[in-house]
Amino acid sequence: MQPTGDLVPQSRPLYQAIHGPGQVMNNAGGYVFTMDDMDRCRRFLIMGTEGGTYYAKETDLKRGNVQCIDRLISDGRGIEAVEAIRDISINRRNVRQNSLLYAYAICCRSNNKEVKKRAYSYLSEICRIPTHLFMFIKFCEEESRGEGEPATGTGWGRAHKRAVAKWYTNFINNPEKLARLVTKYKNREGWTHKDLLRLAHVSTKDPVVGFILRYIVKGYAKAQEMYICNTARQTDEIARLAMLEGVNNLIQGVDQASATTDPNQLCELIEKYQLNWEHCPSQLLRSPEVWRQLLKKMPIEAMVRNLGRMTELKLFEGEGGQESLDLVLDKLRSINTEAEVPMEEEGDGGEGPSRGRRVNFLHPFKILLALEAYRKVDESGKKGKLTWTPNQQIVDALDSAFYQAFSQVTPTGKNYYLGVDVSGSMGVPVLGSSVITCQMAAAAMMMTTVRTEKNCEIRAFSDRMVPLEIKCDDKMQTVLDKMRDMTFGSTDCSVPMKDAIENKWKDIDVFMVFTDCETWIGNVHPCQALVEYRKYSGKRDVKLIVCGMTATEFTIADKDDKYMLDIAGFDSSAPELIERFSRGEV
């Protein structure tokens, strides 16, 4: 590639292709770079396509990312794609599972035998709870049918049956966990466990897992008849007998809990069997005492989702209120730390291989959503049928928890210029949320750097630059309020570099731009503006980090420039990657 001229407006391509593709037109009409298929795949896995963008519908965006995965498989990079799916999933780098599981289903349905084999081998790691499994099955069914086409088969071939069957039988060493999962998540996406057991022809010689499977298909009485009344014929191992007795008691307790109408009895069952709120009859979930009992062992993700409900029930007022409030605050402070209570609802502790012994992890965007939903509700103090007045201590704890949820990084001592795109296209909701817009999410991501680094220039831009009155000690709620109504103008991602030159700032080491890459109106391309700044400052290694806030193929980062980096917005590992890139380690 080579430049077509000295300064080229963004409405014209900067590069003419000599080897490989040149720039392409984005949805706004400007010319930008395209991402490598693997980088785009990672952005799709982390960001998803829910809600689409200002310019692209969700279905069109999803179709483009699916084609990207198909190309990776065709180009012999399918195994690499599967490993990326596994890495992002087990390290909780993604916000939602939908897009990741869709990509995973594509790999499992691939005609490439090696890709299919590798993908199915990770089913238990990627589909950690039945919710994931049911969603995966739904996507596999869709892949079998094809878009707008009749089904060419059942979709339940040998590899698929074998993998689904192993999902259940792999719990042989921890059958109690299987019992908890199948009683907690009984059905999702139009599927039940009974459907899956029937279609996958699941069978086992283990009496404890067999008891659970029998319970799913035939009910408790039949399972007890086969495995409890005939225990001697099933096993003579003392350890398995003890496990069988424990699982039997748990399932018996679950059935009792679902049938009771007495809140006091339900509290006793919750304490005895450590039941979750999904095990409880809906009519008894209006009882504050039931929630007090649930709260003691409640996984933190479930707690965060139910803060509004507990506040509406006045759980933090009156007798026992302060104790419940202290417990909530302690749980929120435990994010990204070791703790006995699991962070995520699957109850596996949220521990990924790269997180060492830091077991409590909740994705920062989930906390941001919880913060905004809990504190704002709506102007009348209502959210759906619930009404509550937010507890300020909980709001402050959620605010602090947002920063805790990111990987901990060491300050680099570099000078940063942080530019948040607030043009019109950044005003749409992001990541399927109805309360968080692109520019709000961008500002939240930016604050992780502001809180870490001492030397930051903070600006908002569209087709011009405006000061952004955000300080390092601002609470996240303050940042969100400042960003809420700031959308204006067209997009010119070269503005940050031009602004630094105009202000005669020669000491910038790293530019960070948070954008959807729909730039189009500038008289110079962003990468050219960075080159001009390097000339002006006399520093050849000034870096540009592009934080993409939507799952499109576009980026303003030139992949041929080793000092430019494109990352996916709200990747929970982004701060660590930013630190390493800023230091020149990647």
Side-chain angles (χ1 to χ4, degrees), residues 1-47 49 53-56 60-61 64-65 67-69 71-72 75 77 419 421 423 425-426 438 442 461 490-498 510-534 541-569 571 574 577-578 581 586:
M1 293 182 178
Q2 66 184 50
T4 60
D6 292 334
L7 293 178
V8 181
Q10 295 171 29
S11 58
R12 294 194 353 238
L14 173 62
Y15 290 123
Q16 291 177 337
I18 296 177
H19 301 291
Q23 286 188 308
V24 299
M25 184 182 290
N26 62 23
N27 293 310
Y31 281 85
V32 293
F33 300 99
T34 56
M35 302 178 69
D36 168 81
D37 278 338
M38 183 54 67
D39 290 333
R40 185 181 182 185
C41 175
R42 290 192 183 96
R43 187 188 279 189
F44 171 63
L45 297 176
I46 292 168
M47 298 292 293
T49 59
T53 70
Y54 183 83
Y55 294 99
D60 296 333
L61 205 55
N65 283 284
Q67 292 169 352
C68 162
I69 297 168
R71 284 195 302 272
L72 286 170
D75 293 343
R77 302 180 69 187
D421 181 354
S423 60
S425 61
M426 290 285 285
C438 265
F461 71 91
S490 305
T491 313
D492 179 4
C493 290
S494 68
V495 168
M497 283 67 77
K498 292 190 289 187
V510 182
F511 287 91
M512 285 185 63
V513 178
F514 301 83
T515 179
D516 58 2
C517 296
E518 299 289 1
T519 185
W520 65 278
I521 201 171
N523 61 358
V524 59
H525 283 261
C527 59
Q528 275 189 311
L530 180 64
V531 171
E532 292 300 311
Y533 180 81
R534 288 171 179 165
D541 61 347
V542 177
K543 298 176 175 66
L544 171 64
I545 299 174
V546 181
C547 187
M549 302 306 299
T550 55
T552 64
E553 64 183 307
F554 307 126
T555 179
I556 60 173
D558 184 351
K559 61 178 177 293
D560 293 329
D561 188 326
K562 67 178 182 179
Y563 297 120
M564 295 189 193
L565 175 69
D566 187 284
I567 61 175
D571 181 343
L577 181 57
I578 290 168
F581 182 75
V586 293

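Please read all numbers here as calculations on a predicted model, not as lab measurements.
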*Can you tell which of L577, I578, V546 makes a side chain to side chain contact (heavy atoms under 4.5 Å, CB included) with L565?*
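Result: among L577, I578, V546, L577 is the only option passing the side chain to side chain contact (heavy atoms under 4.5 Å, CB included) with L565.
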
List the atom of [X], the atom of [Y], and the distance in Å for their closest heavy-atom pair.
X    : Y    : result
G29  : W520 : C-CB, 4.2 Å
K559 : T34  : NZ-O, 4.2 Å
C41  : C68  : N-SG, 4.0 Å
D561 : R534 : OD2-NH1, 2.8 Å
R12  : Q23  : O-OE1, 4.4 Å

What's the separation between atom [atom1] in [X] and atom [atom2] in [Y], rounded to the nearest 0.5 Å?
X    : Y    : atom1 : atom2 : answer
F461 : F514 : CZ    : CZ    : 10.0 Å
D36  : T555 : CG    : OG1   : 11.5 Å
D37  : Q67  : CG    : CD    : 10.5 Å
I556 : F33  : CD1   : CZ    : 9.5 Å
M38  : R77  : CE    : CZ    : 4.5 Å
D421 : C493 : CG    : SG    : 5.5 Å

Test item: [X] side-chain N/O and [Y] main-chain N/O as donor-acceptor pair under 3.5 Å:
X    : Y    : result
S490 : I521 : no
Q10  : V524 : yes
H525 : P13  : no

Taking C-beta and beyond as the side chain, do [X] and [Y] meet within less than 4.5 Å on heavy atoms?
X    : Y    : result
V542 : Y563 : no
I69  : F44  : yes
I545 : C547 : no
V24  : F554 : yes

Salt-bridge contact [X]-[Y] (side-chain N to carboxylate O under 4.0 Å):
X    : Y    : value
D39  : R42  : yes
D492 : K498 : yes
R43  : D566 : yes

*Start with the C-alpha distance between F581 and I567, add both sets of side-chain angles, then the distance that settles side-chain contact (heavy atoms from CB on, under 4.5 Å), and finish with yes or no.*
CA-CA 11 Å; F581 182 75; I567 61 175; over 6 Å; no

*Return yes if a side-chain donor-acceptor contact under 3.5 Å exists between E518 and S425, otherwise no.*
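No, no side-chain donor-acceptor pair sits under 3.5 Å.
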
